[in-house]
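Lettering of chains follows the sequences in order, A, B, ..., and the numbering in each one begins at 1.
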Protein chains: 2
Amino acid sequence: MDSPRVAPRAGERLVNRIRDKGLRLTGQRRLLAELLDGAEQHLDADAVYRLAKRKDGSIHRSTVYRTLHLLKIHGLVDELDLMHVAGERHYYEVRPSAFHIHLVCTSCRGVQEPGGPFWEDLKKKVAKEAGFRAEVVRLEMGGRCSSCQRREFRKPD
Amino acid sequence: MDSPRVAPRAGERLVNRIRDKGLRLTGQRRLLAELLDGAEQHLDADAVYRLAKRKDGSIHRSTVYRTLHLLKIHGLVDELDLMHVAGERHYYEVRPSAFHIHLVCTSCRGVQEPGGPFWEDLKKKVAKEAGFRAEVVRLEMGGRCSSCQRREFRKPD
DNA sequence: CTAACTGCAAACCTTTTGCATTGAC
DNA sequence: GTCAATGCAAAAGGTTTGCAGTTAG
């Protein structure tokens, strides 16, 4: 599609994309964008709020919800449920590409995002086969990660 | 209930699976199971409730939620969010296999479930590659279905 | 300057829970 | 008969909204 192929600094990418969309860039939006962009794991709305609150004590929950909604409808973040392993929460992720793959362990609740040639190839084939102009593709697998499999092999419950 | 026992009648399969799990089969559970099993489309909790209410005016919402939860934790139905095209609702689907593929059109909100050799093959390869004992796999694609693509080609916005 | 955004509080909507009663096994 | 499931009502999330004051462009 139209993604720039030069990587801006971590924590700046989403901010730039907000400006590029012509959206007003307030202090709160900048803060939230930097948080989402720098996040090491998937965050739900409450986690985003609590992290933001530590940097700006006056930010309000409703601003977090409004901003997440705004980013979502502009396609800048995606909303995930990660197989509901942790209840009804939704998680937000800066859209790194149109194709997300998540392996969610129902035992330890860990989330892996595998990469490599197999998965790259898979993306291409799926897009081609679909007869569907896919904007977002999510492949989510719920099951047991390899370390939980080993643990359960040693000590079956 | 007096049909020959060749293959379980549509609307009876889930009922049988409930009994097989040793769960108590109440009238409400039977009704909900038949609804889910016979559903032509994906239903959310409210839709299940309203359909059930037409057949049993005294059924309560909380029973619907409790039953959906029960079926979910026993792996008899899966909970989907269908890319949130229709808000925060969750949809329930009798688990036909461990692998669901949904193509969700963000334009007309239609949901397709493609089948065929490509997708069968994909399931096998993904399961093998993952190094992950996958219990449930969901592949969801959000985009434009072929008829919406055609419509937009004729009349671009 | 002005439309858009924010904080606040209240409303909303879906889902969960405690309790007395009912019903499946 | 016993224990689990149900209906009911109330609570508990999580999210949205109307409003008045504030701010980015």
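Rounded to a whole Å, the CG atom of A:D56 is 7 Å from the P atom of C:dG7. Taking atom OH of residue B:Y49 and atom C1' of nucleotide D:dC8, one finds them 11 Å apart after rounding to whole Å. Look at CG on B:L31: it is 17 Å from C1' on C:dA24, rounded to the nearest Å. Atom C1' of nucleotide C:dA4 and atom CG of A:L70 are separated by 11 Å, given to the nearest angstrom. Rounded to a whole Å, the CG atom of A:L32 is 14 Å from the P atom of C:dC5. The distance from atom CD1 of B:I59 to atom C1' of D:dA5 is 12 Å, rounded to the nearest whole Å. Rounded to an integer number of Å, the gap from NZ of A:K53 to C1' of C:dC8 is 11 Å. Protein atom NE2 of A:H60 is 8 Å distant from nucleotide atom P of C:dG7, rounded to whole Å.
Environment of NZ in A:K53: crowded, with over 12 heavy atoms of neighbouring residues, nucleotides or ligands closer than 6.0 Å.
Residue A:R61 places none of its side-chain N or O atoms closer than 4.0 Å to OP1 or OP2 of D:dG14. Here A:T63 does not reach the OP1 or OP2 of C:dT6: none of its side-chain N or O atoms lies under 4.0 Å away. Applying the 4.0 Å criterion to OP1 and OP2 of D:dA5, one finds that B:R29 has a side-chain N or O inside that range. A sub-4.0 Å separation between OP1 or OP2 of C:dA24 and a side-chain N or O of B:Q28 is absent. For D:dT15, one of the phosphate oxygens OP1 or OP2 lies less than 4.0 angstrom from a side-chain nitrogen or oxygen of A:Y65. Between C:dT17 and B:S62, no contact under 4.0 Å exists linking OP1 or OP2 to a side-chain N or O.
Each of B:A45 and B:T26 has a nearest nucleotide on DNA chain C; the 5'-most of these lies closest to B:A45.
Scanning both residues, A:R61 and A:Y49, for their nearest heavy atoms gives NH1-CE2, 3.2 Å. Closest approach of B:A47 to B:D44, counting heavy atoms only: N-OD1, 2.8 Å. Residues A:L32 and A:T63 share a closest heavy-atom pair of CD1-O, 4.2 Å.
In the hydrophobic clustering of ILVMFWY residues, with side-chain heavy atoms under 4.5 Å counting as a link, A:V77 and A:L51 come out together.
Here the nucleotide nearest the side chain of B:R24, chosen from C:dC8, C:dC19, C:dA24, is C:dA24. The listed nucleotides are D:dG25, D:dT6, C:dT15; the one nearest the side chain of A:L25 is D:dG25.
With hydrogens and angles ignored, no donor-acceptor pair under 3.5 angstrom links the side chain of A:R19 to the base of D:dG25.
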